[in-house]
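Working notes, structure below.
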Amino acid sequence: MTKGAAVELAPHRIRVNSVHPGDTLTPMIENLEDSAAVPDVASIPLGRFALPQEIAAAVCFLLSDVSSYMTGAELVLDGGYTAT
């Protein structure tokens, strides 16, 4: 969907990118620490959950002029989880 929208909207100078965060350390996860609902951090190659500010920094990058030539990208922020 991201790539299709990027191609369709490029002539209108609209860039389309998507952010795919992995498990992120939020109050919701912190409160479920001993629950089976919390993903196993051992399955993440970097060995930890993302911090909310790390996801926000990626979004700020996409909003900035630094990424002005970037469209159709799927920015995966999952600590390497999908690479395994």
Side-chain angles (χ1 to χ4, degrees):
M1 181 180 249
T2 300
K3 293 182 185 321
V7 170
E8 185 174 330
L9 296 171
H12 302 286
R13 302 183 72 162
I14 297 171
R15 297 181 301 118
V16 180
N17 298 292
S18 58
V19 176
H20 303 261
D23 300 311
T24 304
L25 191 59
T26 64
M28 183 174 77
I29 286 183
E30 291 171 345
N31 293 333
L32 296 174
E33 245 177 64
D34 297 323
S35 168
V38 176
D40 182 13
V41 73
S43 65
I44 302 170
L46 287 181
R48 65 179 181 84
F49 295 126
L51 299 175
Q53 54 268 40
E54 291 173 311
I55 307 302
V59 172
C60 287
F61 163 72
L62 290 174
L63 292 170
S64 75
D65 288 339
V66 177
S67 69
S68 63
Y69 197 64
M70 187 174 181
T71 193
E74 298 165 353
L75 195 55
V76 180
L77 304 162
D78 67 357
Y81 181 78
T82 55
T84 59

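Applying the under-4.5 Å side-chain rule to Ile, Leu, Val, Met, Phe, Trp and Tyr, the cluster around Phe61 extends to Val19, Ile55, Val59, Leu62, Leu63, Val66, Met70, Leu75, Leu77. In the hydrophobic clustering, where aliphatic and aromatic side chains (Ile, Leu, Val, Met, Phe, Trp, Tyr) are joined below 4.5 Å either directly or transitively, Ile14 groups with Leu9, Val16.
Residues satisfying the side-chain hydrogen bond (donor to acceptor under 3.5 Å, both in side chains) criterion with Ser43, sequence neighbours excluded, are absent altogether. Remark: Asp78 pairs with Thr82 by the side-chain hydrogen bond (donor to acceptor under 3.5 Å, both in side chains) rule, at least two apart or across chains. A search for side-chain hydrogen bond (donor to acceptor under 3.5 Å, both in side chains) contacts involving Ser67 returns Arg15, not counting sequence neighbours. Checked against side-chain hydrogen bond (donor to acceptor under 3.5 Å, both in side chains), Glu54 has the following partners two or more places apart in sequence or in another chain: Arg48. Under the rule for a side-chain contact (heavy atoms from CB on, under 4.5 Å), Val7 has no partner lying at least two apart in sequence or in another chain.
The main-chain N or O of Tyr69 is never found under 3.5 Å from a side-chain atom of Thr71 such that the two would form a donor-acceptor pair.
Phe49 and Ile44 get closest at one heavy-atom pair: CD2-CD1, 3.8 Å. Contact detail for Gly79 and Pro45: the closest heavy-atom pair is O-CD, 3.4 Å. Looking at every heavy atom in both residues, Pro52 comes nearest to Thr24 through N-CG2, 3.8 Å. Nearest heavy-atom pair across Asn17 and Ala73 is OD1-N, 3.0 Å.
Under the 4.5 Å side-chain heavy-atom criterion for ILVMFWY residues, a single connected hydrophobic cluster contains both Leu51 and Val41.
In this structure, SG in Cys60 is found 11.5 Å from CD in Gln53, a value given to the nearest 0.5 Å.
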